[in-house]
Every structure is written in C-alpha cells, then in structure tokens.
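Written below as structure tokens is the structure these notes are about.
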Amino acid sequence: MRVFGVGLVVVAIGASTALVSAGTVADDALYSVKTTSEQMRLALATSPEDRAIVELSIAEHRLAEATALATFGDEDDAIVATSEYGEHMANAAAELAQVEALQPETALLVIQLQQRIDEHRATAAAVVARLADDPNRASAVAALSAVAARAGAGTDLSPAARIAQDAADTADEAASVAERMAAPARSTDGSSASSGTDRKVTSETDTTTARGGEVTKKERAAEVARKAADEARAAAKKAKEGSRRTPTAAPRHR
C-alpha cells in the first residue's frame with residue numbers, strides 16, 4: 001500500500017537546489033529555480049499517486065508563500081499564491097480521483113490528504129487571526145480566509161472529488177479578491193488587463209497604469225490568480241469524472 005512517504009523518492013529529486021530555493025517567494029532571485037524544480041519533479045512522477053504527492057508538496061509551498069507574503073504586506077503576490085495553492089490541491093485530489101474507484105487502497109491516501117488540508121486550514125486560520133486587524137492586509141486576509149473556512153463540497157461527490165471541488169472553490173475566491181483589487185485600476189485608466197499568464201508578478205509595473213500594453217501589478221495578479229482558478233476548476237471536473245469510473249469500465253494497464 002502506498003503512503004505519502006513513498007513520494008519522498010520523487011520529492012528528493014533536485015534536493016540541493018530545493019533546499020536553497022524552498023523558502024523563496026515571488027520576486028526573489030531564486031524563485032524561478034524553485035518553480036523549475038517543481039516542474040521537474042512532476043515530470044518524473046510516473047503514477048497518479050506520485051503526482052498527487054508532488055502536487056501536495058507544491059501546494060504546501062504556495063501556502064507557505066501566501067502566509068509569508070501576507071505577513072510582509074505583499075497582498076498581490078499573497079493572493080496569487082493562495083489561488084495557486086487551490087490549483088495544486090485540486091490537481092492532487094484529481095490524480096487520486098482517477099484511481100480511487102479502481103484501487104481501494106487509495107482511500108488511505110485520500111484520508112491522509114484530508115488530514116493535511118485540515119492542517120493547512122489551521123495554519124491559514126492562525127495567520128488570519130493575527131492579521132485581521134490590519135487594514136493594509138485585508139485583501140490577503142480575505143483570500144486566506146477561503147483556505148481556513150472551506151467547509152466541504154456536495155455529498156454526492158467521492159472523497160477525492162470533494163477535496164478537488166473545495167480546492168477549486170478556494171482558488172476561485174482568491175481570484176475574485178484579486179479581481180476586486182484590480183477593478184479600481186481598470187476603471188481609472190479605462191483599459192483591460194493583458195492576456196499574459198506569467199507566474200511572476202513583477203514589481204516594476206506596481207504603479208504603472210495600463211499604457212502602451214503594460215498593466216499594473218494588481219491587474220497582473222488578477223490575471224494569474226484567475227488562470228490558477230480556471231486550472232483548479234478543470235482539475236475538479238477531471239476529479240468528478242474520474243471518480244465515476246468503475247473497475248469493470250476502466251481500461252487495464254499492464
């Protein structure tokens with residue numbers, strides 16, 4: 001029976017660079033090293049269970065980034081990280097949903113995933129309580145509150161699909177917060193955000209209004225957060241569809 005500890009073999013790939021960059025956040029010099037390492041680990045994961053382990057690891061990094069950035073007062077990047085947390089949690093659950101009907105032992109992984117989510121909620125709730133009275137962090141707190149307070153999706157879903165839907169809702173709420181923050185900038189300069197989807201929200205455009213194709217940092221954050229929410233929604237749909245499979249209907253792989 002697989003447990004999340006088995007995934008340490010996959011997670012250990014690129015350990016030397018991960019140790020250096022693990023604590024970085026958006027705009028740090030080594031952040032691209034961190035995200036590249038994450039993509040390498042995903043590429044090397046060969047089973048749904050292993051991919052779920054890596055997605056969980058990435059999600060936990062994003063939550064750590066979100067709480068740190070909120071504490072620093074970088075609301076835009078904190079909200080993006082929160083939405084991406086939801087994206088990767090939805091991906092992790094979707095991977096398990098593909099096999100939970102075929103492999104009964106996967107139920108243990110789903111239970112472990114839920115336990116980790118409970119820990120994430122406690123972490124987010126502690127940060128929300130600590131920052132709740134600071135008006136300069138109200139938007140970041142609103143996004144993290146979606147992590148802390150998520151109660152659960154419909155009971156007609158399988159356990160893994162329920163987790164994926166919860167995560168997608170969290171990502172969507174964070175993206176909505178980012179879009180509300182970007183709305184004043186859009187109404188001021190009368191232009192819409194660009195279609196760029198880069199993860200990095202650059203500080204150079206923080207105070208630059210959309211002029212000559214440029215966008216503000218808040219507009220870019222809204223774009224990236226919404227993209228993450230869309231990916232999370234797609235993962236939740238995949239989880240719902242995958243959980244409907246039965247052992248007799250599913251193809252066998254040898």
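Quick caveat, the model's predicted, so the values are computed rather than measured.
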What ring-ring contact (aromatic ring centres under 6.0 Å, His included) pairs are there with at least one residue in [range], not counting sequence neighbours?
range: residues 108-131; result: Tyr85-His120
range: residues 123-146; result: none
range: residues 62-83; result: none

Under a 4.0 Å N-O cut-off, is there an ion pair linking [X] with [Y]?
X: Asp74; Y: Lys217; value: yes
X: Arg121; Y: Asp166; value: yes
X: Glu55; Y: Arg41; value: no

Only counting residues at least two apart or in another chain, list the ones meeting salt bridge (Lys or Arg N to Asp or Glu O under 4.0 Å) with Glu95.
Arg51, Lys238
Sequence neighbours excluded, which residues qualify as salt bridge (Lys or Arg N to Asp or Glu O under 4.0 Å) partners of Asp133?
none
Going by heavy atoms in the side chains, are [X] and [Y] under 4.5 Å from each other?
X: Leu42; Y: Ile58; answer: yes
X: Glu38; Y: Val54; answer: no
X: Glu60; Y: Arg116; answer: yes

For the residue pair Val177 and Ala142, what are the closest heavy atoms and their distance?
CG2-CB, 4.1 Å
Closest heavy-atom contact between Glu173 and Ala146?
OE1-CB, 3.4 Å
Going through the distances and angles, do Arg220 and Thr216 end up as a side chain to side chain contact (heavy atoms under 4.5 Å, CB included)?
CA-CA 6 Å; Arg220 181 65 61 80; Thr216 67; over 6 Å; no
Thr82 and Arg62: CA distance, side-chain angles, deciding distance, side-chain hydrogen bond (donor to acceptor under 3.5 Å, both in side chains) verdict
CA-CA 7 Å; Thr82 303; Arg62 293 297 175 274; over 6 Å; no
In Å and rounded to the nearest 0.5 Å, what is the CG to NE2 distance from Leu56 to His61?
10.5 Å
Is the side chain of Thr35 donor-acceptor paired with the backbone N or O of Ser32 at a distance under 3.5 Å, no angle test?
yes
Counting only N and O atoms by type, is there a donor-acceptor contact under 3.5 Å from the side chain of Thr67 to the main-chain atoms of Ala64?
yes
Mind checking side-chain contact (heavy atoms from CB on, under 4.5 Å) for [X] and listing every partner two or more places apart, or none if nothing turns up?
X: Asn136; answer: Asp134
X: Thr71; answer: Arg130, Leu131
X: Arg226; answer: Asp172, Ala175, Ser176, Glu179, Ala229, Asp230, Arg233
X: Glu231; answer: Glu87, Lys227

Give the C-alpha distance, both sets of side-chain angles, the deciding distance and a yes or no for side chain to side chain contact (heavy atoms under 4.5 Å, CB included) between Lys240 and Gln165.
CA-CA 8 Å; Lys240 186 175 181 179; Gln165 186 60 58; over 6 Å; no
Quick one: which of Met181, Arg180, Lys218 gives a side chain to side chain contact (heavy atoms under 4.5 Å, CB included) with Ile79?
Met181
Are Leu63 and Leu144 close enough, and set up right, to give a side chain to side chain contact (heavy atoms under 4.5 Å, CB included), and what steps lead you there?
CA-CA 9 Å; Leu63 182 59; Leu144 285 170; 4.2 Å; yes
Run the side chain to side chain contact (heavy atoms under 4.5 Å, CB included) test on Ile163 and Leu157 for me, step by step, so that the C-alpha distance in whole Å, both residues' side-chain angles and the decisive distance to 0.1 Å come before the verdict.
CA-CA 9 Å; Ile163 291 173; Leu157 300 176; over 6 Å; no
